[in-house]
Amino acid sequence: MIIQTGARTDIPAFYAKWFANRLKEGYVIVRNPYYPEQVTQYSLSPEVVDLIGFCTKNPEPMFPYMELLKPYGQYWFVTITPYGKEIEPNVPEKEIVLQDFRKLSKMVGVDSIGWRYDPILINETYTIERHIADFKHMAGTLAGYTKTCVISFIDLYKKVQRNFPEAREVTEKERLTLGRAFSEICRTNGMTLKACAEGKELERFGVDCKGCLTMETFETALHRHLKAPKKKSQRGLACACYLGADIGSYDTCGHLCRYCYANTRKKEVEENRKKHDPESPFLIGHGRTDDVVHIAEQKSWLDEQIQFDFETMDGFF
């Protein structure tokens with residue numbers, strides 16, 4: 001099975017020690033974000049966990065614990081955008097993250113790491129021209145260290161509208177202009193450009209619009225075929241990603257990016273982070289007397305009968 005860590009918060013950036021402790025103890029307990037009394041306990045044994053997925057803006061705090069991850073398949077998305085502290089207050093300097101991306105790629109391999117340049121927003125500072133110039137620089141720096149770049153355009157969820165009221169939708173003309181330019185830059189740098197939950201309007205430029213965290217992504221990282229149960233996307237028809245079993249918690253990401261859909265308000269994040277205990281099986285807080293604990297049914301999805309030599313099967317997927 002696959003354990004996800006990044007749809008609700010940034011565990012590598014802010015909770016690396018906690019996650020290392022969970023790996024050592026072999027289990028994690030996750031509170032349901034909508035029904036808090038319901039909690040699920042997941043085994044983290046490599047006998048049942050085939051791959052751990054990460055999505056982070058700062059992988060460096062996990063580097064001291066990478067030895068603990070060796071028994072597992074891994075897939076890392078590292079988000080690197082051009083935005084400054086006025087939009088991403090607590091994200092490290094971009095040049096530092098670019099170099100950390102290269103270090104991480106050497107640790108896990110190019111099939112197990114992708115670059116996210118999202119969400120894309122347009123304003124007086126971050127113009128079309130600025131995006132193209134910064135994207136070209138970043139792609140050149142990451143060339144040879146990943147085969148994948150994922151883009152998406154800002155979604156104006158209610159949380160985003162509250163925390164970032166001046167943000168606006170990216171127009172169709174702007175999306176097409178950037179999609180065309182980014183696709184060509186990616187081809188030049190040996191990357192496939194993928195669009196996340198953006199429909200198929202960029203396919204005309206050679207953009208892969210089939211999804212970013214698909215089963216194909218995981219199988220390529222593992223160099224193995226998976227027999228995974230069928231699962232509907234958690235984001236509806238616009239998203240083809242294979243999501244689920246996320247061990248994070250909403251309102252806990254300390255980056256405090258203004259476009260974030262996972263944080264409600266800064267105050268909630270600050271209060272929740274005070275409750276974090278690196279020794280607890282819960283990311284935030286501890287068990288409660290009214291908890292109803294469900295032990296997850298888990299098994300490996302590796303197909304033992306089919307193994308691929310991905311190094312000699314270019315173009316198979």
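Note that the coordinates shown come from a computational prediction; the quantities given were computed from them, not determined experimentally.
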Would you list the atom pairs, donor with acceptor, under 3.5 Å between side chains in residues 100-110 and any protein atom, with sequence neighbours excluded?
residue	atom	partner	partner atom	Å
Arg102	NH1	Thr141	O	2.8
Arg102	NH2	Tyr145	OH	3.4
Ser105	OG	Tyr145	O	2.6

For this output row, return yes or no: ring centroids of [X] and [Y] closer than 6.0 angstrom.
X: Phe54; Y: Phe19; answer: yes
X: Tyr65; Y: Phe63; answer: no
X: Phe182; Y: Phe135; answer: yes

Could you work out, with side-chain contact (heavy atoms from CB on, under 4.5 Å) as the rule, every residue matching [X], not counting sequence neighbours?
X: Glu174; answer: Ile122, Ile128, Arg168, Val170, Thr171
X: Ser152; answer: Asp118, Pro119, Cys196, Glu198
X: Lys85; answer: Glu93
X: Lys136; answer: Ile185

ring-ring contact (aromatic ring centres under 6.0 Å, His included) against [X], all qualifying residues, sequence neighbours excluded:
X: Tyr15; value: His276
X: Phe14; value: His255
X: Tyr126; value: Tyr83

Exercise: identify the closest heavy-atom pair between Gly179 and Phe205:
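Heavy-atom minimum between the residues: C-CD1, 4.0 Å.
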
May I ask you to check if Arg116 and Phe77 form a cation-pi contact, with NZ or CZ under 6.0 angstrom from the six-membered ring centre and within 45° of the axis?
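Pair Arg116/Phe77 counts as cation-pi.
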
Any chance you could lay out the salt bridge (charged side-chain N to carboxylate O under 4.0 Å, His left out) test for Glu304 and Lys227, step after step, and finish with the verdict?
CA-CA 9 Å; Glu304 300 297 341; Lys227 295 195 297 184; over 6 Å; no

Is a side-chain donor-acceptor pair under 3.5 Å present for Thr264 with Asp251?
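There is such a pair between these side chains.
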
With sequence neighbours left out, write down each residue that passes salt bridge (Lys or Arg N to Asp or Glu O under 4.0 Å) with Glu60, or none if nothing qualifies.
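For Glu60 there are no salt bridge (Lys or Arg N to Asp or Glu O under 4.0 Å) partners, ignoring immediate neighbours.
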
Sorted by chain and residue number, the salt bridge (Lys or Arg N to Asp or Glu O under 4.0 Å) partners of Glu271 (sequence neighbours excluded) come out as Lys274

With clusters built from Ile, Leu, Val, Met, Phe, Trp and Tyr whose side-chain heavy atoms come within less than 4.5 Å, directly or transitively, what are the remaining members of the cluster of Leu256, listed by chain and number?
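Reading the cluster by chain and number, Leu256 sits alongside Val269.
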
Here's a test for you: under side chain to side chain donor-acceptor pair (under 3.5 Å), which of Arg31, Gln38, His286 qualifies with Asp291?
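Result: among Arg31, Gln38, His286, Arg31 is the only option passing the side chain to side chain donor-acceptor pair (under 3.5 Å) with Asp291.
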
Trp115 vs Val150 side-chain heavy atoms within contact, under 4.5 Å:
no

Within residues 158-167 or reaching into it, pairs that qualify as side-chain hydrogen bond (donor to acceptor under 3.5 Å, both in side chains) - sequence neighbours excluded:
Glu166-Arg258

